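Quick notes on the structure that follows.
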Number of protein chains: 2
Amino acid sequence: MTQELDQTEARDLAEAWLDEPLAPAARRLLIGAVEAFAARGYHATATRDIAASAGLSPAGVYVHFATKEELLYQISLIGHRGTVRVVRAAAASAGHDDPAATLRAVIAAITAWHARYHTTARVINYELSSLTERHRAAIATLRREIDSLVRQTLEDGAASGVFDVPDVRGTTLALLSLTIDVARWFRATGARAPDELGAFYGELALRMAGHRGSSA
Amino acid sequence: MTQELDQTEARDLAEAWLDEPLAPAARRLLIGAVEAFAARGYHATATRDIAASAGLSPAGVYVHFATKEELLYQISLIGHRGTVRVVRAAAASAGHDDPAATLRAVIAAITAWHARYHTTARVINYELSSLTERHRAAIATLRREIDSLVRQTLEDGAASGVFDVPDVRGTTLALLSLTIDVARWFRATGARAPDELGAFYGELALRMAGHRGSSA
DNA sequence: GTCTATAACCCGATAGAC
DNA sequence: GTCTATCGGGTTATAGAC
């Protein structure tokens, strides 16, 4: 009984990216789908298997989602909203006139999110091409907000002289690149916890931005 | 006539990663496969379409490759061998007792390769899970060589005091992460040419390694 | 070495009972 | 809201003629 509760709590924690109010079956379907899409890829996953992982018959999926792609879109939407939320929170907590603190906090937050929810992060970053054009465009809007915030932070720091950034566009891309690729290689069994990796990458970001005192 | 020759030359240049001696049809199949796998993914690509892109019937594929996975494996093998070759060449040209020059040259070479052959790079980095276990193990050996060379360079530089690297393992991972993710976002129509991007990432690598004079 | 034809199977999605 | 049954189509790979 206690064992049972512990397992439920553990799963809730592991799937905390899924914080939307949902019918229980729809929630189980999304969790099964994200795990299957991450492990084998969207196209290699059969809707039958997703249904089975949620304890439903093959037809049970279509009561809750019109198509298989709709399942992927909901995962992408919820995942990206979650990322945007932690990025905004990190920027707010760092204050508005300290580019170095902001850059460190934002990169740490994105990195930790990608590590903690690496299964979800893998799906939302590497299955964008499996979305319909309309859905991909909706997701692109959310991704642009994150990109803009990092770029603006680099520009602020460069303007005030605390950063040395020869190419703001290229450095923004490199910083986000670093955080996104965490989804590819991160495993929960690895050496670093998500928050530790976030702190490390926050420092790396300051070095990449040419922050004074961030290099030997 | 001249136009025709130019197009052939342009394609040869674009597909220079494929430098193995091969029957013409096998070569066309590999090029068609890499383009399709990169654009739509391995599982979303039908062998019929690969055959058609090489001007063959659906059965024509199986004269040259036993399975669809064998096609992916050959692409992975040739691509990884090419990467290892440019990495070795970069390390050799930088000399053996200058960790900063070596790191810059190696990261620049991997980055430029991933940008120049971004289509191939996408396939060989993001379709590893579609390989059989045996084939994936063979590719892992090649990947380890690249990882070891970067890690050793960081250790050499840290030991001699030209680098400031608090976590060699983590920094190695971050550096390779940066170069691999190029395959995800790079487009030939973008702002930077492969060699320019390589030079930029070589400098970023020195900053990340805490190289003196690489930060403001 | 390439073709046509097809085997054997798996897929996403729907119909209609309960 | 979930089931069983199935439609219509697509998949990899093979058989056998040329």
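Since we're looking at a predicted model, the values are computed, not measured. We name chains A, B, ... by the order of the sequence lines, and we start the count at 1 in each one.
- Taking 4.0 Å as the cut-off between side-chain N and carboxylate O, B:Glu20 and B:Arg27 do not count as a salt-bridged pair.
- The side chain of A:His43 contributes no N or O atom lying less than 4.0 Å from OP1 or OP2 of D:dT11.
- Heavy atoms only, all atoms of each residue included: B:Trp113 and B:Trp17 are closest at CZ2-CB, 4.2 Å.
- Summarising the geometry, the separation between CD on A:Glu70 and P on C:dT14 is reported as 13 Å, rounded to the nearest angstrom.
- Picking from D:dT12, D:dT2, C:dT2 the nucleotide with the shortest atom distance to the side chain of A:Leu56 gives D:dT2.
- Residue-to-nucleotide proximity on DNA chain C shows that, of A:Ala44 and A:Ala66, the 5′-proximal contact is made by A:Ala44.
- Side-chain nitrogen and oxygen atoms of A:Thr47 include at least one within less than 4.0 Å of the OP1 or OP2 phosphate oxygen of C:dG12.
- As judged by a 4.0 angstrom heavy-atom cut-off over every strand, B:Ala59 is placed among the base-contacting residues.
- Donor-acceptor pairing under 3.5 Å, judged by distance alone, is absent between the side chain of B:Arg48 and the base of D:dG10.
- The two atoms that bring B:Ala51 and B:Pro58 nearest to each other are CB-CA, 4.0 Å, heavy atoms only.
- Rounded to whole Å, atom C1' of D:dG1 lies 12 Å from atom CG of A:Leu29.
- We find that CG of A:Asp49 is positioned 16 Å from C1' of C:dA13, with the value rounded to whole Å.
- Atoms CZ (B:Arg28) and P (C:dG1) sit 13 Å apart, rounded to a whole Å.
- In this structure, A:Tyr62 places its OH atom 19 Å from P of D:dT6, rounding to the nearest Å.
- Exactly one residue among B:Arg11, B:Arg122, B:Arg40, B:Arg28 makes a salt bridge (Lys or Arg N to Asp or Glu O under 4.0 Å) with B:Glu35. That residue is B:Arg11.
- Annotation for A:Leu142 and A:Val84: closest pair O-CG2, 3.8 Å, computed over non-hydrogen atoms.
- The side chain of B:Ser57 lies closest to C:dC3 when the candidates are C:dC3, C:dG12, D:dT12.
- Rounded to an integer number of Å, the gap from CZ of A:Phe65 to C1' of C:dT14 is 18 Å.
- For the pair B:Arg40 CZ and D:dT11 C1', the computed distance is 15 Å after rounding to whole Å.
- Rounding to whole angstrom units, NE2 of residue A:His64 and C1' of D:dT2 are separated by 8 Å.
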